[in-house]
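In what follows, a single structure is set out as structure tokens and then discussed.
Quick caveat, the model's predicted, so the values are computed rather than measured. Each chain gets a letter, A, B and so on, in the order its sequence line appears, and its residues count up from 1.
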There are 2 protein chains.
Amino acid sequence: MHLSATEENYLKVIYKIAEREKKSASTNTIAKYIGTAPASVTDMLKRLASKQLINYQKYRGVTLTTSGGKEATQLIRRHRLWEVFLATKLRFSWEAVHDIAEELEHIKSDELVNRLDAFLDYPKFDPHGDPIPNAQGKFTLRNQMALIDALPGNKVVLLGVREHETSFLEYLNGLNISLGTEFTVKAFNHFDKSMNILIDHNRETLLSEKVCQILLVKKI
Amino acid sequence: MHLSATEENYLKVIYKIAEREKKSASTNTIAKYIGTAPASVTDMLKRLASKQLINYQKYRGVTLTTSGGKEATQLIRRHRLWEVFLATKLRFSWEAVHDIAEELEHIKSDELVNRLDAFLDYPKFDPHGDPIPNAQGKFTLRNQMALIDALPGNKVVLLGVREHETSFLEYLNGLNISLGTEFTVKAFNHFDKSMNILIDHNRETLLSEKVCQILLVKKI
DNA sequence: CAAAAATTTTAGCCCAATCTAAAAATTAGT
DNA sequence: ACTAATTTTTAGATTGGGCTAAAATTTTTG
Ligand SMILES: [Mn+2]
Ligand SMILES: [Mn+2]
Ligand SMILES: [Mn+2]
Ligand SMILES: [Mn+2]
């Protein structure tokens with residue numbers, strides 16, 4: 001199956017919508033993710049359906065078929081491996097890797113991706129803490145929770161971020177927060193659900209509810 | 001100037017024809033290199049001319065403008081740097097790197113290519129011995145000659161190959177010939193211009209005129 | 001130098017991926 | 001349960017990059 005970069009992007013978006021929203025992807029939602037007119041999405045859905053990559057019925061939204069899901073997973077694998085390459089080998093910072101990986105992910109060569117995987121030492125997570133599927137499409141699971149769910153007194157370590165916006169990642173950079181940073185929850189403020197957090201045992205700051213919901217941590 | 005991958009490929013081909021044939025590129029020659037119908041080439045030449053990337057007059061063949069030449073040189077830089085990455089970091093052999101680099105070369109990010117260059121330690125030559133232009137577009141020159149021009153008794157070292165065909169490179173692999181291999185010219189056979197060559201001081205073989213014209217060497 | 005051969009361009013078509021505007025179907029509100 | 005609002009699809013157009021067949025131009029050759 002040879003897919004164009006555009007077709008691959010649609011599959012990825014449908015995959016992510018199903019993952020995030022836990023339901024079939026609607027035309028409008030896909031259009032917003034991709035940044036095209038809904039009419040263009042309808043066109044593409046027909047093409048993907050004719051290639052058996054999605055289950056499509058007019059007006060009903062779509063889900064990935066088994067083969068569509070495999071293509072999406074492999075695309076995510078390539079994307080995240082390239083992000084690791086850019087971050088660890090070329091020393092790009094985590095807010096810069098995504099855009100370049102968006103292009104690199106479409107290079108088609110199993111040999112390339114598998115050698116890259118080996119070169120990077122079979123990483124299990126990307127620079128944002130997202131899991132990297134292996135060659136068989138299997139994701140590594142791990143225990144993690146949002147910082148907001150930690151209790152006062154808990155010590156936790158940052159494993160990932162749910163939001164990849166450059167401005168958000170730069171905000172974390174400004175606070176010297178990166179994957180591996182340790183937090184101690186000092187207090188939870190009920191009125192606005194913000195938290196007082198001790199970062200790396202040496203500085204205390206206030207993090208908003210929104211931020212605490214984005215940060216994924218595990219207890220230590 | 002944002003160029004499509006297709007436009008970039010045309011510029012590269014026009015550049016290579018000018019370099020090899022030492023003259024302006026004709027429609028038919030370009031068509032053969034790219035693998036399209038001559039009518040499609042004419043179409044593209046009009047588009048490239050309207051972007052001031054080539055000098056084009058109907059029926060007269062084309063040359064690159066200064067800006068077209070810069071784009072072509074930067075594309076060659078990206079191609080060759082990726083070839084070095086694939087060969088030295090991912091351990092691809094020299095016959096496998098070209099096809100993958102054909103895709104990677106179109107990833108547009110100056111930051112990416114310059115960091116890649118640094119990561120590879122600013123290589124001056126690619127896995128086939130071709131020079132890599134630096135960020136300013138400057139190629140490294142070096143003294144080299146075709147093996148066919150070496151004289152009996154000469155000791156030389158292999159610096160590059162003029163032909164990148166997989167089957168040819170595999171032929172060299174079979175003879176255990178790679179960049180850096182040393183040759184001693186034992187004899188030149190006038191009747192067919194073949195040469196008797198001692199490879200790496202330990203085995204003698206006959207190389208045809210054609211092969212000797214492809215191998216680029218320098219005296220040691 | 002004129003006719004034949006080769007090259008190049010034009011004309012008219014196709015496909016993927018996009019758009020806008022209008023029509024159809026679904027969903028929500030009273 | 002209608003009607004109104006929203007979502008989705010259809011219709012028709014556009015653009016980049018291709019194609020073939022035919023016309024125009026240049027080059028070669030007798
Ligand atoms: Mn990403
Ligand atoms: Mn990521
Ligand atoms: Mn190459
Ligand atoms: Mn090369």
Axis-to-axis angle between the two ends of the helix from C:dC1-D:dG30 to C:dT30-D:dA1 (five base pairs per end, rounded to 10 degrees):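 For the helix from C:dC1-D:dG30 to C:dT30-D:dA1, the axes at opposite ends meet at about 0°.
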Sequence-distant partners of [X], side chain to side chain donor-acceptor pair (under 3.5 Å), two or more places apart:
X      : result
A:Q144 : A:R142
B:D192 : B:S194
A:E111 : A:R115
B:S93  : B:E95

side-chain hydrogen bond (donor to acceptor under 3.5 Å, both in side chains): pairs with one or both residues in residues 56-76 of chain B, sequence neighbours excluded: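 For residues 56-76 of chain B: B:N55-B:T63.
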Geometric class of the A:F119/B:F85 ring pair [parallel <30°, tilted 30-60°, perpendicular >60°]: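 B:F85 and A:F119: perpendicular rings.
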Distance-only donor-acceptor hits, side chain of residues 45-54 of chain B, under 3.5 Å, sequence neighbours excluded:
residue	atom	partner	partner atom	Å
B:S50	OG	B:R47	O	2.8
B:K51	NZ	B:E7	OE1	3.3
B:K51	NZ	B:E7	OE2	2.9

Where chain A begins and ends its contact with DNA chain C, read 5' to 3' at 4.0 Å from heavy atoms: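 Nucleotide range in contact with chain A: C:dA16 to C:dT27.
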Could you list the donor-acceptor pairs under 3.5 angstrom formed between side-chain atoms of residues 75-82 of chain A and any protein atom two or more places apart in sequence or on another chain?
residue	atom	partner	partner atom	Å
A:R77	NH1	A:D117	OD2	3.1
A:R77	NH1	A:P133	O	3.1
A:R77	NH2	A:N114	OD1	2.9
A:R77	NH2	A:D117	OD2	3.1
A:R78	NE	A:E105	O	2.6
A:R78	NH2	A:E8	OE2	2.9
A:R78	NH2	A:E105	O	3.4
A:H79	ND1	A:E102	OE2	3.4
A:H79	ND1	A:E105	OE1	2.7
A:H79	NE2	A:E83	OE2	2.8
A:H79	NE2	A:H98	ND1	3.1
A:R80	NH1	A:P131	O	2.6
A:W82	NE1	A:L104	O	3.4

Contact state string [nucleotides 3-17 of chain D, B base, S sugar-phosphate only, - no protein heavy atom under 4.0 Å]: ----SBBB-----SB
Partners meeting side chain to side chain contact (heavy atoms under 4.5 Å, CB included) with B:A118 (sequence neighbours left out):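 Listed in chain order: B:Y122.
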Side-chain donor-acceptor pairs of residues 16-40 of chain A under 3.5 Å, sequence neighbours excluded:
residue	atom	partner	partner atom	Å
A:S26	OG	A:T29	N	3.2
A:S26	OG	A:T29	OG1	2.6

